[in-house]
Amino acid sequence: MMFRALSADWLKIRGKGIWFLAALGPIGLAGMQGLNFGLRYDYLMKSYAADPWGGLLENVLFFVPIALFLGTTLVCSLMANVEHQLSSWKQLLALPISRTAVFSAKFVQAFLILCVSCLLLSVSTAVLGIMLGMGVEQMPYMDLLRIGFVQLFAALPMLAFQLWLSLTLKNQGIAVGIGVTASVVSMFALQFPDWMPLKWPLMAYMGPDQAKVIGAGLLLGALIICAGMIHFNRKDVD
Amino acid sequence: MTELVIQTKGLYKTYKKRAAVQDLNLEIARGDIYGFLGPNGAGKTTTIRMLLGLIQPTRGAIHLFGKDLKSEKMNILRRTGSLVEYPSYYGHLTAVENLEAIRRITGGPKSRIAEVLEIVSLTKEAKRPVKGYSLGMKQRLGIAAALLNNPELLILDEPTNGLDPSGIHEIRELIKNMPRQYGITVLVSSHLLGEVEQMADKVGIIREGRMVFQDTIDNLVSTASSGFRLSVSEPEAALGLALDLGCAGVLRDHMLELESMQDAKIALLVKRLVENQHAVYRVEEQRRSLEDIFMQIVGEGSRV
Ligand SMILES: Nc1ncnc2c1ncn2[C@@H]1O[C@H](COP(=O)(O)OP(=O)(O)O)[C@@H](O)[C@H]1O
Ligand SMILES: [Mg+2]
């Protein structure tokens, strides 16, 4: 049943700018570093002479959490708005499909869209590195993949929470406001205590205890999804 | 006994201690068109949302197709098509895409999309984004969506709201054909009796959340007669004759005003008048309009 709802959901987000946003984020991040490295090429390449790829990833890394949190917020809100805009919930939920399936499909859709963003981040960072003359032989494939995906797993609690907010509150201002605030606050994440989920993406990439942090992300994400689903199942639909 | 497609028992929905629907007992038989009437805010939409499982009743039981809605919701919804309040649609998608989004969930063949578009006469406009549609077209698309999964029961909440007379007429014709052509049972709500009286077999009138009248439209009509007026050549003598026959009435403006009576009796009265050399110019039945009766019911909440 979830796959039926998901299949319908892909159709519904056509032309809503969600794919554009999903591509803009990672390509924008890589573009920013292209500018950074382009303007200060000699200086940066000299200071990262020992490990130019590592230097590039370090520069990208800092912006990934905020991009991820912002992206999560906007993707969830845009997806939910497709249903809120013309009160389509009453039509959708009067169809022979369980609310659990509807909610799960939205989660899977948001997750897959963000996966595409993460993959694009890996690809565009790799392309940038090559364009900057960094050796293809030295390319750190694992780190290039990890920089997006590992942080995405650690950001699952945020995704679950934003999805729940966006789907249940018709007024997207609240969900977006909370999400943007969290994104901005996350820029200071390194100074937070370890239990703060906003810090988890960076911790999941840099360590220590990467596996533990990812595990925590999955667990807390799952808990929030369950809570959201129970609420969504019982909620009156206007 | 006819099979009931919708049956509610003692249905309540309370919002912050205010009852939107109270002690509602709906009974809708298979193949009927049931007009669900009541002024704005009476609780029609609230009732319909409960029938579709969109909101939880505060109290009471709902059975559709003889099955409990709580335990067999998916089975029931598979056999039901609905349009709740103003139509829902995805404005950036075309009519075909909107219906496809539903078909992907309900299953069924793709060819059904063209069929339902044909039924609601939207075939020509099917490839345009729905946000450019007129209200009537959106409403018809909503009905097409409700018909997509070949429902046995169609629940339409104020499908003619906001339409011009020709739009209302079109939708009325569409609904009228449902039981005849497709064997579908229809629940259609409205705040105007005039909109459903020409198509409904049975009406339920709800006021402030309570059912105040539930019967066939014929029985509603039969309460409409309020008497006769006769124009005759010699009114005074004629009145005497009428009173002798046991009619009750008075003389007003040289006309006899008589209380409502059976067909046989009025026939007898006319016969006697003619036998007694009265010239009978006119016999008028005075009817309250259905709308008057409706207004009286929803105004006072009394039974007619
Ligand atoms: N979600 C809600 N919260 C509070 N009151 C509501 C809600 N939905 C409906 N009502 C109230 O319930 C009553 C019935 O509304 P409704 O069923 O929409 O009437 P109708 O469809 O007959 O016009 C109204 O007084 C309305 O204000
Ligand atoms: Mg209503």
Side-chain angles (χ1 to χ4, degrees), chain A residues 1-21 77-109 112 166-168 170 172 229-238, chain B residues 13-15 20 45-46 48-58 69 72-94 96-108 129-131 133 138 141-142 145-146 148-149 151 153-155 157:
Chain A
M1 279 233 280
M2 193 275 284
F3 288 102
R4 287 171 172 266
L6 185 59
S7 157
D9 282 344
W10 290 125
L11 180 61
K12 291 178 203 169
I13 64 161
R14 261 188 212 168
K16 278 288 170 185
I18 295 180
W19 286 118
F20 174 75
L21 183 77
S77 173
L78 285 170
M79 272 172 42
N81 210 34
V82 169
E83 309 288 355
H84 286 307
Q85 201 167 23
L86 294 154
S87 304
S88 302
W89 290 116
K90 56 185 163 64
Q91 188 179 60
L92 176 58
L93 298 179
L95 295 176
I97 186 157
S98 71
R99 294 197 190 184
T100 304
V102 170
F103 194 91
S104 318
K106 295 281 183 205
F107 178 80
V108 170
Q109 183 176 38
L112 290 177
S166 301
L167 291 185
T168 41
K170 186 170 168 92
Q172 292 300 296
M229 215 177 262
I230 291 170
H231 174 231
F232 188 72
N233 265 307
R234 297 195 178 160
K235 180 176 118 59
D236 275 0
V237 179
D238 284 312
Chain B
K13 178 70 183 178
T14 318
Y15 288 114
T45 301
T46 305
I48 286 173
R49 284 187 205 280
M50 285 193 277
L51 293 178
L52 294 168
L54 292 172
I55 60 178
Q56 298 285 337
T58 309
L69 179 65
E72 305 220 30
K73 188 166 156 186
M74 288 305 119
N75 279 329
I76 288 170
L77 291 181
R78 203 163 286 133
R79 301 163 70 180
T80 307
S82 62
L83 171 61
V84 182
E85 257 177 342
Y86 40 86
S88 308
Y89 54 91
Y90 304 102
H92 60 297
L93 303 179
T94 67
V96 173
E97 288 166 338
N98 266 279
L99 294 173
E100 171 66 12
I102 295 172
R103 191 200 65 85
R104 287 189 184 181
I105 289 173
T106 57
V130 173
K131 61 180 169 222
Y133 279 22
K138 286 171 185 166
L141 176 61
L148 191 65
N149 200 28
L153 169 65
L154 199 54
I155 296 180
D157 187 17

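Just so we're on the same page: letters track the sequence lines, and every chain starts at 1. Please read these numbers as outputs of a predicted model, since none were measured by experiment.
If you measure heavy-atom distances from Thr106(B) to chain A, the contacts under 4.5 Å come from both the backbone and the side chain. At a 4.5 Å heavy-atom cutoff, the contact between Lys13(B) and chain A is made by side-chain atoms alone. For Asn75(B), no part lies under 4.5 angstrom from a heavy atom of chain A. Contacts of Arg78(B) with chain A are made by both backbone and side-chain atoms, with heavy-atom separations under 4.5 Å. Of the two parts of Leu93(B), only the side chain, counted from C-beta on, holds a non-hydrogen atom closer than 4.5 Å to a non-hydrogen atom of chain A. No part of Leu6(A) comes within reach of chain B, as not one of its non-hydrogen atoms sits under 4.5 angstrom from that chain. Looking at Gln85(A), neither its backbone nor its side chain comes within 4.5 Å of chain B, counting heavy atoms on both sides. Interface remark: Asp9(A) contributes no atoms to any contact with chain B (heavy atom separation under 4.5 Å).
Here the side chains of Ser88(B) and Trp89(A) are not in contact, with every heavy-atom distance at 4.5 Å or above. Side-chain contact between Met1(A) and Ile105(B) is absent, with no heavy-atom pair separated by less than 4.5 Å.
Atom-to-atom distance recorded for Ile55(B):CD1 and Leu93(A):CG is 13.0 Å, nearest 0.5 angstrom. The NE2 atom of His92(B) sits 10.0 Å away from atom CG of Leu86(A), with the distance rounded to the nearest 0.5 Å. Taking CG from Leu95(A) and OG from Ser82(B), the interatomic distance works out to 7.0 Å, rounded to the nearest 0.5 Å. Atom OH in Tyr89(B) sits 9.0 Å away from atom OG in Ser88(A) (nearest 0.5 Å).
Ranking Ala105(A), Ser98(A), Ala94(A) against chain B, the residue ahead of the rest is Ala94(A), based on heavy-atom pairs under 4.5 Å. Comparing Thr46(B), Ile76(B), Leu77(B) by heavy-atom pairs within less than 4.5 Å of chain A, the highest count is held by Leu77(B).
Proximity to chain B at a heavy-atom threshold of 4.5 Å picks out Lys12(A), Arg14(A), Lys16(A) from residues 12-21 of chain A, in numerical order.
Among the candidates Asp157(B), Leu83(B), Val84(B), the single residue satisfying the side-chain contact (heavy atoms from CB on, under 4.5 Å) test with Lys90(A) is Val84(B).
Residues in residues 94-105 of chain A take part in no salt bridge (charged side-chain N to carboxylate O under 4.0 Å, His left out) pair, two or more places apart or across chains.
The two residues Val237(A) and Arg49(B) make their nearest non-hydrogen contact at O-NH1, 3.3 Å.
Within the 3.5 Å criterion, the main-chain N or O of Arg4(A) finds no donor-acceptor partner in the side chain of Arg104(B).
Annotation: Tyr15(B), atom OH; neighbour count of heavy atoms from other residues, nucleotides and ligands within 6.0 Å is above 12.
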